[in-house]
Participant: 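Dropping the structure in here first, questions after.
What you are looking at is a predicted structure, and each value in this text was computed from that prediction instead of being measured.
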Amino acid sequence: MIREMGSSSKEYEFLSEIGLSSHNLGNYVGGKWLGNGPLVSTLNPANNQPIAQVVEASLEDYEQGLKACEEAAKVWMQVPAPKRGDIVRQIGDALRSKLDFLGRLLSLEMGKILAEGIGEVQEVIDMCDFAVGLSRQLNGSVIPSERPNHMMLEMWNPLGIVGVITAFNFPCAVLGWNACIALVCGNCVVWKGAPTTPLITIAMTKLVAEVLEKNHLPGAIFTAMCGGAEIGEAIAKDTRIPLVSFTGSSKVGLTVQQTVSARSGKTLLELSGNNAIIVMDDADIQLAARSVLFAAVGTAGQRCTTCRRLLLHESVYDKVLEQLLTSYKQVKIGDPLEKGTLLGPLHTPESKKNFEKGIEVIKSQGGKVLTGGKAVEGEGNFVEPTIIEISSDAAVVKEELFAPVLYALKFKTFEEAVAINNSVPQGLSSSIFTRSPENIFKWIGPMGSDCGIVNVNIPTNGAEIGGAFGGEKATGGGREAGSDSWKQYMRRSTCTINYGNELPLAQGINFG
Ligand code: NAD
């Protein structure tokens with residue numbers, strides 16, 4: 001049971017339903033829960049009070065985990081893929097049975113509103129379903145050989161171990177995109193969640209661990225550790241991990257990429273976004289305005305796909321802004337677990353300080369605050385949803401400020417809007433609101449958006465798992481979840497088989 005949890009301990013009672021207590025060992029290593037690293041407290045972003053304590057991993061715990069994982073990999077890669085799919089199906093069922101509790105935990109520890117917390121867990125369940133089907137479709141191919149009585153095959157085999165390092169803002173969905181696919185592809189998973197969301201890491205892992213144990217499989221197939229940069233760096237350096245999937249800031253992602261490349265490993269990077277919505281003169285203004293609100297304010301602006309730049313055609317500029325300013329005033333800021341709240345807190349006190357610093361920089365670069373612009377006084381990391389009028393040339397517009405801050409920018413032509421969309425270092429998500437087929441096809445074509453996600457008449461966020469998710473340029477180039485993303489989690493062998501036992505032509509050589 002959860003005890004001594006400050007003023008609102010009753011609120012936290014549900015945590016015992018998902019295997020959490022006031023003091024938790026944060027690492028599932030070799031099928032056992034242990035911890036010899038630092039003891040940390042995880043905080044509720046709505047009041048910065050401790051929720052529970054967690055023992056993180058030491059480097060010795062890490063090493064123990066990897067040794068067990070290496071052994072488990074030999075077992076897991078030989079389990080037939082559809083059987084691996086059945087294990088992932090059981091993980092999905094386990095998540096389904098705890099959906100509400102896990103969603104509440106997400107809301108409590110990360111700070112997103114309850115509907116988003118539940119939605120995020122549902123996304124992992126959907127990924128499990130997707131991966132179950134995929135487990136029967138990891139198809140190779142037969143390629144015509146130019147030699148008689150030879151056959152060429154393309155085979156897909158597991159990599160062995162996949163490292164997954166995740167960010168605080170999607171503490172379980174990103175695991176789902178990676179782990180569900182990695183597991184059906186026959187890989188063991190080594191997961192390090194964000195240091196500020198350890199309870200989610202533990203709760204998710206407990207459900208996976210139960211499924212593995214029930215099926216008499218080695219627990220080390222899924223190895224999870226709580227900790228920060230030290231454990232992340234250990235994963236990046238480890239030659240036993242052929243693929244490291246990293247989700248987080250472009251700055252840290254680049255370091256991880258360099259470390260992994262230096263040992264000839266592969267990375268799958270999901271990094272920062274700086275996403276734009278373009279509203280053309282022929283757009284459905286109401287649809288656009290609602291979508292912008294959802295995309296800019298949802299998850300308190302802490303989605304990688306949050307809309308940060310609003311590009312408005314000069315003829316609709318005033319109208320769209322007027323609608324947005326009216327709706328921004330109605331956004332209810334408050335406890336993310338409370339019904340009716342639309343905007344929860346930022347994740348940490350540091351995020352709140354970054355918001356305040358960011359507003360100062362914006363003003364110093366000529367930005368004019370149209371609404372918001374201030375942190376909310378009192379406990380918790382709350383800030384006001386903010387709209388800024390600014391030039392698209394301002395340096396600050398090129399950066400990702402991880403908060404609900406939207407830049408309103410004016411343009412005259414479609415070409416100018418596309419150029420502004422593509423003018424930032426990041427290339428994750430982008431949307432256009434228009435009724436013109438010409439604009440739509442130009443937008444998705446070679447001279448259109450340079451992003452990984454290119455939408456029409458829907459916001460920048462809310463990607464479906466069936467598609468490949470990820471972005472270009474400083475966003476890292478990785479693709480996760482659906483479509484053919486699974487190929488990154490396997491190694492491809494081109495196999496040539498001589499079934500006629502014919503000798504190759506070797507003129508002039510006598511083999512005796
Ligand atoms: P972050 O880069 O600070 O941390 C991400 C992870 O990296 C954490 O687990 C952290 O402990 C770990 N880490 C830190 N230093 C490390 C090191 N030296 N070596 C290895 N690992 C290390 O990011 P964050 O603040 O947790 O997350 C927010 C960022 O993530 C935003 O930029 C957001 O856009 C991005 N993000 C991108 C996607 C996407 O799919 N493109 C999805 C979610 C979040």
Side-chain angles (χ1 to χ4, degrees), residues 1-24 26 40-54 91-128 166-176 191 193-211 224 226 297-300 302-303 332-348 351 379-382 462:
M1 284 297 292
I2 304 288
R3 303 176 307 273
E4 299 159 26
M5 293 301 158
S7 55
S8 45
S9 61
K10 244 186 126 38
E11 244 182 271
Y12 299 159
E13 272 178 14
F14 77 94
L15 296 179
S16 57
E17 299 284 343
I18 36 179
L20 298 168
S21 72
S22 58
H23 182 273
N24 305 277
V40 296
S41 285
T42 177
L43 305 179
N44 176 349
N47 55 24
N48 289 314
Q49 294 297 310
I51 306 169
Q53 290 185 317
V54 171
I91 293 170
D93 286 347
L95 289 168
R96 257 185 198 98
S97 72
K98 300 288 180 186
L99 173 62
D100 285 345
F101 293 129
L102 287 167
R104 274 185 86 77
L105 169 61
L106 239 102
S107 185
L108 179 67
E109 195 181 39
M110 187 275 156
K112 58 182 65 181
I113 61 171
L114 185 57
E116 290 174 334
I118 291 175
E120 182 173 342
V121 182
Q122 183 60 48
E123 197 164 314
V124 186
I125 295 169
D126 295 344
M127 274 306 304
C128 288
T166 55
F168 77 84
N169 63 330
F170 278 97
C172 74
V174 174
L175 170 79
W191 177 31
T196 47
T197 53
L199 295 183
I200 295 163
T201 305
I202 298 169
M204 293 290 289
T205 303
K206 289 212 164 175
L207 292 174
V208 177
E210 269 172 33
V211 170
C226 292
V297 174
T299 324
Q302 300 167 107
R303 286 171 177 258
K332 193 176 161 221
I333 307 174
D335 188 326
L337 282 160
E338 252 170 45
K339 225 175 154 194
T341 300
L342 254 179
L343 180 62
L346 293 178
H347 187 51
T348 60
S351 323
E379 60 176 13
N381 312 317
F382 297 95

Participant: Checking Leu43 against Ile51 for the side-chain contact (heavy atoms from CB on, under 4.5 Å) test, could you report, in this order, the C-alpha distance in whole Å, the side-chain angles of both residues, the deciding distance, and whether it holds?
Facilitator: CA-CA 5 Å; Leu43 305 179; Ile51 306 169; 5.8 Å; no

Participant: List the atom pairs, with distances to 0.1 Å, where a side-chain N or O of residues 198-209 and a protein N or O form a donor-acceptor pair under 3.5 Å, not counting sequence neighbours.
Facilitator:
| from | atom 1 | to | atom 2 | distance (Å) |
| --- | --- | --- | --- | --- |
| Thr201 | OG1 | Thr197 | O | 3.4 |
| Thr205 | OG1 | Thr201 | O | 2.6 |
| Lys206 | NZ | Gly19 | O | 3.0 |

Participant: Ignoring hydrogens and angles, tell me if any N or O in the side chain of Asn44 forms a donor-acceptor pair with the backbone of Gln49 under 3.5 Å.
Facilitator: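 No, Asn44 side chain to Gln49 backbone: no donor-acceptor pair under 3.5 Å.
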
Participant: Apply side-chain contact (heavy atoms from CB on, under 4.5 Å) to residues Arg303 and Glu116 and explain how you reach the verdict.
Facilitator: CA-CA 11 Å; Arg303 286 171 177 258; Glu116 290 174 334; 4.0 Å; yes

Participant: Any side-chain to backbone donor/acceptor pair from Thr348 onto Ser351? Under 3.5 Å, distance only.
Facilitator: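 Yes.
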
Participant: For residues Ala300 and Pro345, report the shortest heavy-atom separation together with the two atoms involved.
Facilitator: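 The pair with the smallest heavy-atom distance is CB-O, 4.0 Å.
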
Participant: Does the pair Thr196 and His347 meet the rule for a side-chain contact (heavy atoms from CB on, under 4.5 Å), with working shown?
Facilitator: CA-CA 9 Å; Thr196 47; His347 187 51; 2.7 Å; yes

Participant: Of all heavy-atom pairs between Asp335 and Thr341, which one has the smallest distance, and what is that distance?
Facilitator: O-OG1, 2.9 Å

Participant: Which heavy atom of Ser107 sits nearest to which heavy atom of Lys112, and what is that distance?
Facilitator: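 In this case the closest contact between Ser107 and Lys112 is OG-O, 2.7 Å.
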
Participant: What is the distance from atom OG of Ser97 to atom CD of Glu17, rounded to the nearest 0.5 Å?
Facilitator: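 So the gap between those two atoms works out to 10.5 Å.
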
Participant: Mind listing the closest non-hydrogen atom pair of Leu337 and Arg104 along with its distance?
Facilitator: CD2-O, 4.0 Å

Participant: Minimum heavy-atom separation for Gln122 to Leu99, with atom names?
Facilitator: OE1-CD2, 3.7 Å

Participant: Could you tell me the separation between the CG atom of Leu114 and the NZ atom of Lys339, rounded to the nearest 0.5 Å?
Facilitator: 10.5 Å

